[in-house]
Structures are given as C-alpha cells and as structure tokens.
Number of protein chains: 2
Amino acid sequence: MQNIDELIEEAQKQGYKITPQRREIFKILVNNDSHPKAEDIYNILKDRMPDVSLATVYNTLNMLKELGMIDAIALFEDDSVRYDPTTKAHDHLYCLHCNRIVDVEKDQDDLGFTEKEISGFQIVKRQVTYYGYCPECRDILKTT
Amino acid sequence: MQNIDELIEEAQKQGYKITPQRREIFKILVNNDSHPKAEDIYNILKDRMPDVSLATVYNTLNMLKELGMIDAIALFEDDSVRYDPTTKAHDHLYCLHCNRIVDVEKDQDDLGFTEKEISGFQIVKRQVTYYGYCPECRDILKTT
DNA sequence: AATCTAATTTATAATAATTATAAATAAAGA
DNA sequence: TCTTTATTTATAATTATTATAAATTAGATT
Ligand SMILES: [Mn+2]
Ligand SMILES: [Mn+2]
Ligand SMILES: [Zn+2]
Ligand SMILES: [Zn+2]
C-alpha cells in the first residue's frame with residue numbers, strides 16, 4: 001500500500017465503490033508503519049469524519065484484506081488484530097509492555113518465499129513474531 | 001509436561017492445591033501433542049467429571065501458564081487460544097482447513113535461544129507459525 | 001441532470017472467547 | 001476434627017468482531 005490512486009483503481013476494478021469513508025481510511029493506512037488496530041484507525045478517522053462508524057472501518061479492512069492490500073497480525077497476549085499495509089513478507093518485534101510492533105529488517109533470509117513444503121504441508125504464509133521489550137520500555141522497567 | 005508427579009510436586013511447592021479437577025486436567029495434557037483449546041479439554045473432562053465447569057479449565061490453564069508448564073499459541077484466522085504442553089522452543093504448522101496444529105521438528109536452528117537482541121529489543125520469546133494445508137486437506141481440496 | 005439499483009453506511013444487536021464475581025465447597029495443615 | 005484459605009461453580013461481565021436491516025449513496029444508465 002504505497003499509492004492511493006493505484007489502490008483506488010484496483011478496488012474499482014474489483015467492483016468496489018469508492019466512498020469518502022474508504023478514501024479516508026486508505027489515506028490513514030498508506031505509508032503507515034504503526035500496525036494499527038481497527039479502533040486506532042477509527043479514532044483517527046473520527047476527527048476527520050465525526051459520523052463515521054466503527055463497522056465501516058472493519059468493513060474496509062476486510063475489503064483490503066481480500067484485495068491483499070493489507071495483512072492481519074495475530075498476537076499472543078493482545079486480543080485485537082493489528083493491520084499491516086506492508087504485505088511484503090517480513091517479521092515482527094512486539095513489545096510486551098507498550099504493545100508497539102516494529103518491522104524486522106531482514107538481512108538475507110528466504111524473503112521472496114511464496115509456497116513451500118514442510119512435513120507435507122503446503123505453506124501459504126509464515127508468521128514470525130519476536131516478543132520482548134523495546135529499548136524505551138526496557139529502560140523504564142530497569143529503573144522500576 | 002511429561003511427568004504428572006513432578007508437575008504436582010512443583011505446583012504444590014508454589015502453593016497451589018491439588019484438586020481432582022486439576023489432577024484430571026493434568027492427565028489430559030501430559031503427552032498431548034494435539035494443541036487443544038480450552039473447550040477441547042473441557043469436553044474430554046466432562047466425560048470423566050460431569051459437573052466440572054469451564055471456568056476451572058481456564059483457571060487451571062492459567063495456573064499452568066504461570067508455572068511455565070504450558071505455552072499459549074495465538075493464531076491468525078482462529079480466535080481461540082491453543083495450548084501446548086511442549087514448552088521447548090519449536091515452530092508450528094497450522095492447517096487453514098482443519099485447524100490442526102503440528103510441531104515442526106527443527107533440524108539445527110538456534111533452538112536453545114532464551115534471550116537475544118534484535119533492533120534493540122530484548123527478546124524473551126519467538127513464535128513461528130506456518131499457515132497452509134496439511135496433506136489430508138490438500139488432497140480433499142484438490143478433488144473439490 | 002434526473003433516475004435507478006446495488007453496494008455501502010450506520011446504528012444496533014448478536015456472537016464468542018475469556019475473565020470477573022461471589023457464594024458454596026474442599027484441600028491441606030494444625 | 002477443626003480452621004483457614006484456595007478452589008470450584010454458576011453466572012454475569014467484558015471485549016473484539018461480525019451480522020442485520022433500514023437509510024443512504026456511488027456510479028451506471030437514461
Ligand atoms: Mn509490519
Ligand atoms: Mn507445539
Ligand atoms: Zn515498549
Ligand atoms: Zn488439514
């Protein structure tokens with residue numbers, strides 16, 4: 001999700017209508033590396049469109065998921081789904097204290113992997129999450 | 001979680017009381033590689049103790065989690081936590097069709113890793129999940 | 001520009017996993 | 001056996017997400 005216009009074009013090509021709500025959600029997501037949850041997006045959106053509903057946020061996120069424009073991230077110890085507009089395969093760091101998610105810049109690894117076979121399984125996706133403490137929280141917790 | 005008696009001893013040492021309910025849940029978990037959810041355990045348990053409550057299952061699982069005797073696994077596209085009595089670090093294969101979780105036998109990898117540093121994060125745990133289709137489901141879906 | 005129709009939005013209810021509560025019960029120690 | 005405190009149970013509460021259905025609207029058609 002880098003380019004809004006391409007995204008809109010693709011959505012329209014797939015038969016989706018472009019509403020002001022969707023356009024605004026797109027804007028929030030483009031170049032967003034914060035891995036927001038639905039409600040984070042809703043809160044930003046409300047400032048710009050006070051009458052928007054949370055259901056529309058979920059609708060739009062599900063639409064983008066189907067279009068393959070965003071990924072969903074499930075976490076242990078955090079019960080809301082986090083969304084990621086970077087769909088290129090990459091790993092995540094999750095801070096158990098502040099709940100931030102940070103991308104891991106991968107050095108070489110099998111990045112462009114799409115389908116692989118392990119133990120007879122046909123793999124379509126891999127999720128790697130490192131749980132720990134970010135530098136900031138680490139310092140805070142050290143002092144306490 | 002291999003040995004029930006050691007588990008009971010450890011639980012008692014930590015101040016927990018050993019009830020028939022807990023003893024029975026322990027039995028269900030020992031040497032169980034099916035990665036059950038709370039309700040799976042509850043269903044097995046009900047046959048042996050018809051008056052047991054689901055709350056007790058959750059209580060006991062949380063207790064075992066605190067004791068470090070089991071792990072919890074969060075999954076994308078599956079909204080209940082799966083429990084794993086094998087706490088030694090290992091990866092998982094998740095079948096998107098039948099929801100089975102299978103352990104990945106690791107060849108060499110950095111298995112005994114406990115704490116590591118990545119991007120300034122202090123890592124305490126890593127979760128690796130491969131999403132795909134198990135051999136059985138693969139065949140079924142191929143025919144369809 | 002006015003009309004049409006199916007998709008979308010909205011408010012709201014439903015769902016589902018898990019946790020909280022509080023009274024009844026029971027484990028373990030004295 | 002008695003006592004204390006943890007545990008169990010039934011049930012309510014919580015929370016993220018999905019479903020529903022009436023009102024609205026995007027985008028195509030006239
Ligand atoms: Mn990411
Ligand atoms: Mn496992
Ligand atoms: Zn942090
Ligand atoms: Zn399967």
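Lettering follows sequence order; numbering is per chain, from 1.
Between His92(A) and His35(A), the angle of the ring planes goes over 60°, which puts this pair in the perpendicular group of the 30/60° scheme.
Whole-Å rounding puts the Asp79(A) CG to dA13(D) C1' distance at 15 Å. When the P atom of dT18(C) is taken as reference, atom CG of Asn62(B) falls 10 Å away, rounded to whole Å. Following rounding to the nearest Å, Ile41(B) (CD1) and dA17(C) (P) show an atom-to-atom distance of 14 Å. Rounded to an integer number of Å, the gap from CD of Glu24(B) to P of dT8(D) is 13 Å. Atom OH in Tyr42(B) sits about 14 Å away from atom P in dT8(D), given to the nearest Å. Going from atom CZ of Phe76(A) over to atom P of dT18(C) covers 12 Å, rounded to whole Å. If you take CZ of Arg82(A) and C1' of dA16(D), they are 14 Å apart, rounded to a whole angstrom. Atom P of nucleotide dA10(D) and atom CG of Asn59(B) are separated by 13 Å, given to the nearest angstrom.
Within the 4.0 Å cut-off from OP1 or OP2 of dT17(D), at least one side-chain nitrogen or oxygen of Tyr58(A) is found. For the OP1/OP2 pair of dT9(C) and a distance below 4.0 Å, the side-chain nitrogens and oxygens of Arg22(A) include at least one atom meeting the criterion. Between Ser53(B) and dT8(D), a side-chain N or O to OP1/OP2 separation shorter than 4.0 Å is absent. At least one side-chain nitrogen or oxygen of Gln21(B) sits closer than 4.0 Å to the OP1 or OP2 atom of dT9(D).
Between Tyr16(B) and Lys65(B), the residue whose closest nucleotide on DNA chain C is further toward the 5' end is Lys65(B). If you find the closest nucleotide of DNA chain C to Arg23(B) and to Gly15(A), the one lying nearer the 5' end belongs to Gly15(A).
Residue Lys17(A) places no side-chain atom within donor-acceptor reach of the base of dT25(D), judged by atom type and a 3.5 Å distance cut-off alone.
By the 6.0 Å and 45° rule, Lys125(B) stacks over the aromatic ring of Phe76(A).
Checked against dT19(C), dT9(D), dA17(C), the side chain of Thr56(B) finds its nearest nucleotide in dT9(D). Candidate nucleotides dT17(D), dT9(C), dA27(C) were compared by shortest atom distance to the side chain of Thr19(B), and dA27(C) ranks first. Of the candidates dA28(C), dA27(C), dT12(C), dT12(C) carries the atom nearest the Ala55(A) side chain, counting heavy atoms from C-beta on.
For the pair Arg22(A) (side chain) and Lys17(A) (backbone), a donor-acceptor distance under 3.5 Å is present.
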#### Entry: Steps toward ring-ring contact (aromatic ring centres under 6.0 Å, His included) verdict (Phe121(A), Tyr130(B))
CA-CA 9 Å; Phe121(A) 272 63; Tyr130(B) 293 90; 9.5 Å; no

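Each of Asp5(A), Leu7(A), Asn3(A) was compared with Phe26(A) under the side chain to side chain contact (heavy atoms under 4.5 Å, CB included) criterion, and only Leu7(A) meets it.
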